[in-house]
A.B. asks: 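This is the structure, below, for whatever I ask next.
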Amino acid sequence: MPLSWNEIKARATAFAKEWQDESNEDAEAKSFWDDFFEVFGISRRRVATFEKQVKKIDDKQGYIDLLWKGMILVEHKSRGRDLDRAYQQAKDYFPGLTDKELPKYILISDFARFRLYDLDSNTHSEFKITDFVNNVGLFSEIAGYKKRTFKEQDPVNIDAAELMGKLHDKLKDIGYTGHNLEVYLVRLVFCLFADDTNIFERGIFNEYLDIKTAPDGSDLAAHLAQLFEVLNTSKENRLKNLDESLDAFPYVNGKLFEEHLPTAAFDSEMRNILLECCSLDWGRISPAIFGSLFQSVMDEKARRNLGAHYTSEKNILKLIKPLFLDDLLKEFDSVKGNRNKLLKFHEKISKLRFLDPACGCGNFLIVAYRELRLLEIEVVKKLLKGQQVTDIGHYFLIDVDRFYGIEYEEFPAQIAQVAMWLIDHQMNMLASEAFGEYYVRLPLRKSATIKHGNALQIDWQSLIEQASTKDDTLVYDFILGNPPFRGKKEQDVNQKKDMALVFVGVENAGLLDYVSAWYIRAAEYLQKYQRGNIRVAFVSTNSITIGEQVGVLWNELLHRYKIVIHFAHRTFSWSNEAKDNAKVHVVIIGFSNYDIGNKLLYVYNDVRGDAVEFKAENINPYLVNGKNILIKSRSTPIGNSPTIIKGSEATDDGHLQITEEEREEIIANYPNAIKFIRPFFSGGDIINGRRRWCLWLKDISPELFRGIPIIQRKVEAVKKFRLESPKKRTQDWAKFPTLFTEDRQPDKSFLVFPKVSSERREYIPFMYLDPINIINNTVSYIPDCTLYQFGVLQSKQHMCWTWYVAGRTKSDIQYSNEIVYNNYPWPDNPTAKQKDIVEKAAQGVLDARAQFPDSSLADLYDPNTMPPVLVKAHQALDKAVDLCYRPQPFPNETKRIEFLFELYDKYTAGIFAKERHKKRK
């Protein structure tokens, strides 16, 4: 285990005194370096090799004076020699080293001087041997105290996960599977991590496997089984004649090695994989990231895109900072000058309890614990004020036993348990570095409580009772996490049962995403344990803040459970920095059942960018600063605007559609049939400028019909398809195979718009069509729409409303007449002049489009290709429509949507009062 800094400095002083004497110049350099490593309590013979032969950059053979693989390369010269030249000589050895052998440091010395190059930071330091004692901190990583920095895309995370994946496959192939395999791998991960982070004496696990086991791997499983047993046995209870190499391992406890596992079996390839794992620097691996990577290697499909499935720490911090960390940091800053207040603050943070009821591999718990421990280190620094202490562990009160998780799958639950110990140890190492005393919590006496089970069926409070006592005054202070996203169509049978269990008696609960069940369970917990100021924050799919789901979920949360939103991140892209990473649009919502004054909204101008923070008086379910409004589905518009109509339904299995070739054939042979062939559009056709054709046989004469065989065949196919339908209504329509089953075709010019439009477009393109064009049910239309109405619908004002209120298909906007259009607050009594200006600006948009007859609406409204003339036309239209609402301009989207919600509230107050009166009657 690492020496204390005081001991290291004493040894450094003695070393310098002995070797500064020039009379020792003739002594062997080996003795010099043996003594150098002893300063840090390290046996040079165990970690480093003298005179390693390598091929240099010039292809000649050379000899490295001393190499500690993966750590440090030493080039030693006689006193007074050129250190620059020695450094270049050291660099020349690099081509002859493997990736695993490449050092982090180069150390040059001539007995009298040292020059240390840190290759990671690209810095170097030089000092005389007489000043060694003042520079020992430069060797903190060698001493075992190095503060580690973790890069989310550090290749070692991926390398480690891939190697463990290979080992997983090999063990699975020989029949070592299921629970036993998962526990076995988790134990190996702990040993690998412990070997590089001073839980074990550095390198002894690697050394034991390398020296004690046969090259063919035949006895490796037996050695591991014995090692696991040793790690679970206290020193005083071990066999008296136990091999000293095994007895060097510490007692771990924590129940990690308690369960008896069947003995596995290894071969030479599997042994080599495990040794290759040992060669990685597991001290660089982040527990918050590796857990998710490690889980993904067990899934062959996920493994193909390894690195895409973990949650970045940057995104986790978006949740935990406003949930608790920012407040604690502010409080610390206010009390750090008062010792008594600081002591009370320290006690307070040590008693906080955290629950993640969908914890996966523990990412959120790990980062929350790390940030809390980092804060505690700063607290202890202030309390001690630089004084030397002999038992630093006495001053640290926060431990993993106040962190709880529930996870549906067993394997990630096991990873989370171990990952919490690993992050705890990393924080202990950081404390050791900060205070100069080695601090480790072994044997493991406390652990996080991670429950394997269904969080929607488990009593969350039972974890506290399981871990501590039956004292029902103990509650969680913070509930947080990233529950699973599953839309109503993606939910499996068991998940639908969960939803039915949680949403008993809730109307239209079948519309809700699976994540919404965690909101209800959290709200129930808040309601039951009101005596504490419990706060909750979840990452969620943004679907629970838009479209139909808002009225269902938030009606329950606001009215039955009195939920108040404390902070929220509006829609942003939840992803990590990995290549081809998994992306989904999410929100973060922090809430409780009590009010606070300082509510915060985080707004993203670009969903892939950074947020801007705003203070809010109230955050409503649409994550807008305004009243708690619930926009529900309506069959008619709230104002005097025209009704939207859905396009026609063919129910023909595509048989009434014809290709361009079929159209040409019919026209060539039967010219009189041309009037029964119509342009046919779906939503995608309108956007992308595609033209298809259909048979519109509404008024076709029997004589003409019987004379065209291709039409007869198609109509017969329609009849057959309808007769085979399980629906009686469709079967009845088999009597009319020449007709669409739902004919809603207008007889005048009409305005069409697609039900689904890309999120990338600033405007959903609306378009006028003549009645000769047939539209299907993926298109909605307004018959005989005026230019003024077109202008308002095509404006930024209407687009802003749509963005916040409309549902989503994946990330694309789903425009609904019942939710979006029928609830839209149109301008309140604009003047004739204002309407005239809008009509002229609307015509300007149509004229701008007409300048590009060969371009589709998708081309015209792509943000990267939108013509400047069309951009300017829309800007003029936006300004004209804005003036119909109010004379002052809207400075940003936030003010725009806040205004629209206020107007909606004004328009609907009377409507809802009448509806409530009718219900009471």
Side-chain angles (χ1 to χ4, degrees), residues 172 177-179 181-182 291-292 294-306 308-311 355-364 405-416 450-460 479 481-524 538-550 552-554 556-557 574-575 581-587 589 726 756 807-812 814:
K172 188 176 180 180
T177 60
H179 170 82
L181 172 58
E182 293 170 356
S292 297
F294 188 25
Q295 182 187 3
S296 68
V297 303
M298 308 309 154
D299 180 339
E300 291 183 10
K301 184 178 179 181
R303 199 185 306 169
R304 297 190 195 107
N305 193 19
L306 199 60
H309 301 280
Y310 69 84
T311 301
L355 168 69
D356 184 343
C359 69
C361 295
N363 308 44
F364 282 79
I406 305 173
E407 170 52 36
Y408 187 77
E409 296 182 25
E410 182 183 14
F411 188 40
Q414 292 173 350
I415 296 172
I450 308 296
K451 178 77 171 178
H452 168 221
N454 187 334
L456 300 179
Q457 300 179 18
I458 290 172
D459 178 6
W460 294 0
I479 300 172
N482 182 11
F485 310 157
R486 290 287 186 279
K488 62 180 181 181
K489 294 180 180 179
E490 288 77 36
Q491 292 165 22
D492 61 29
V493 174
N494 290 328
Q495 289 167 340
K496 288 186 182 296
K497 287 181 180 178
D498 287 339
M499 295 293 284
L501 176 69
V502 174
F503 289 96
V504 175
V506 177
E507 189 176 353
N508 294 323
L511 297 171
L512 295 174
D513 191 284
Y514 193 46
V515 71
S516 61
W518 271 261
Y519 278 78
I520 297 297
R521 285 289 186 248
E524 291 170 348
F538 289 140
V539 179
S540 315
T541 171
N542 66 348
S543 64
I544 68 167
T545 63
I546 53 180
E548 296 175 294
Q549 295 193 44
V550 176
V552 180
L553 174 61
W554 289 94
E556 290 292 300
L557 293 174
W574 182 263
S575 60
N581 58 59
K583 292 180 182 178
V584 62
H585 285 181
V586 303
V587 294
I589 303 177
V756 178
R808 297 293 190 273
T809 299
K810 295 184 179 178
S811 62
D812 293 335
Q814 188 174 12

A.B. asks: To the closest 0.5 Å, what do you measure between CG (Leu355) and NZ (Lys451)?
C.D. replies: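 Interatomic distance, Leu355 CG to Lys451 NZ, rounded to 0.5 Å: 13.0 Å.
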
A.B. asks: Does the side chain of Phe538 come within less than 4.5 Å of Ile479's, by heavy atoms?
C.D. replies: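 Heavy-atom side-chain distance check passes, below 4.5 Å.
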
A.B. asks: If I compare all heavy atoms of Val539 with all of Val515, which pair ends up nearest, and what's the gap?
C.D. replies: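 Where Val539 meets Val515 most closely, the heavy atoms are O-CG2, 4.1 Å.
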
A.B. asks: When rounded to the nearest 0.5 angstrom, what is the spacing between NZ in Lys488 and OG in Ser543?
C.D. replies: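 Taking NZ in Lys488 and OG in Ser543, the distance rounds to 10.5 Å.
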
A.B. asks: To the nearest 0.5 Å, what is the distance between NZ (Lys497) and CG (Leu456)?
C.D. replies: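 Output value for this atom pair is 14.5 Å.
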
A.B. asks: Show, in sequence, the C-alpha distance, side-chain angles and deciding distance for Asp498 and Gln457, and conclude whether the side-chain hydrogen bond (donor to acceptor under 3.5 Å, both in side chains) test is met.
C.D. replies: CA-CA 8 Å; Asp498 287 339; Gln457 300 179 18; 2.8 Å; yes

A.B. asks: Roughly how far apart are Ile450 CD1 and Asp356 CG, rounded to 0.5 Å?
C.D. replies: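 Between Ile450 CD1 and Asp356 CG, I get 8.0 Å after rounding to 0.5 Å.
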
A.B. asks: Taking Arg486 for the side chain and Tyr514 for the main chain, is one N or O donor matched with an acceptor at less than 3.5 Å?
C.D. replies: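 Not confirmed, Arg486 side chain does not pair with Tyr514 backbone.
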
A.B. asks: Can a donor-acceptor pair be found, under 3.5 Å and without considering hydrogens, that links the side chain of Gln495 to the backbone of Asp492?
C.D. replies: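 Side chain of Gln495 to backbone of Asp492: a pair is present.
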
A.B. asks: Decide whether His452 and Glu407 meet the rule of one side-chain donor and one side-chain acceptor closer than 3.5 Å.
C.D. replies: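 Checked: His452/Glu407 side chains show no N/O donor-acceptor pair below 3.5 Å.
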
A.B. asks: Testing the 3.5 Å rule here: is there a donor-acceptor pair between the side chains of Ser540 and Tyr519?
C.D. replies: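 Judged by distance alone, the side chains do pair up.
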
A.B. asks: Does any part of the side chain of Phe503, heavy atoms only, come nearer than 4.5 Å to the side chain of Val552, both counted from C-beta?
C.D. replies: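 With C-beta onward as the side chain, the pair stays apart.
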
A.B. asks: How about OH on Tyr408, more than 12 heavy atoms from neighbouring residues, nucleotides or ligands closer than 6.0 Å, or not?
C.D. replies: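 Incorrect, the count does not exceed 12.
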
A.B. asks: Between Glu409 and Gly453 (side chain of the first, backbone of the second, donor and acceptor by atom type, cut-off under 3.5 Å), is there such a pair?
C.D. replies: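 Judged by distance alone, no pair lies under 3.5 Å.
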
A.B. asks: So, do Val587 and Thr545 sit near enough that their side-chain heavy atoms are less than 4.5 Å apart?
C.D. replies: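 The answer is yes, as the side chains (C-beta and beyond) meet within the 4.5 Å cut-off.
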
A.B. asks: Once you round to the nearest 0.5 Å, how far does CD of Gln549 lie from OG1 of Thr541?
C.D. replies: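 Here the rounded value is 7.5 Å.
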
A.B. asks: Search all heavy atoms of Val550 against all heavy atoms of Ile546 and return the closest pair with its distance.
C.D. replies: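 What the structure gives for the nearest pair is CG2-N, 3.2 Å.
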
A.B. asks: The test is side chain to side chain contact (heavy atoms under 4.5 Å, CB included); show your working for Glu548 and Gln814 and say whether it passes.
C.D. replies: CA-CA 11 Å; Glu548 296 175 294; Gln814 188 174 12; over 6 Å; no

A.B. asks: Kindly say whether Pro357 contributes a backbone atom to a donor-acceptor pair with the side chain of Trp460 at under 3.5 angstrom?
C.D. replies: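 It does not hold such a pair.
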
A.B. asks: Can you give me the closest heavy-atom contact between Pro484 and Asp513, atom names plus distance?
C.D. replies: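 That would be O-OD1, 4.1 Å.
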
A.B. asks: Taking the side chain as every heavy atom from C-beta outward, state whether Ile589 and Ile544 have any atom pair closer than 4.5 Å.
C.D. replies: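 The answer is yes; the side chains approach within 4.5 Å.
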
A.B. asks: Restricting to non-hydrogen atoms, name the atom on Met499 and the atom on Ala517 that form the minimum distance, rounded to 0.1 Å.
C.D. replies: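 Nearest pair, atom of Met499 first, then Ala517: SD-CB, 3.9 Å.
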
A.B. asks: Please report the closest heavy-atom contact between Ala416 and Cys359, naming both atoms and the distance.
C.D. replies: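 Looks like CB-SG, 4.5 Å.
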
A.B. asks: Taking C-beta and beyond as the side chain, do Glu556 and Ile520 meet within less than 4.5 Å on heavy atoms?
C.D. replies: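 Glu556 vs Ile520: side chains touch.
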
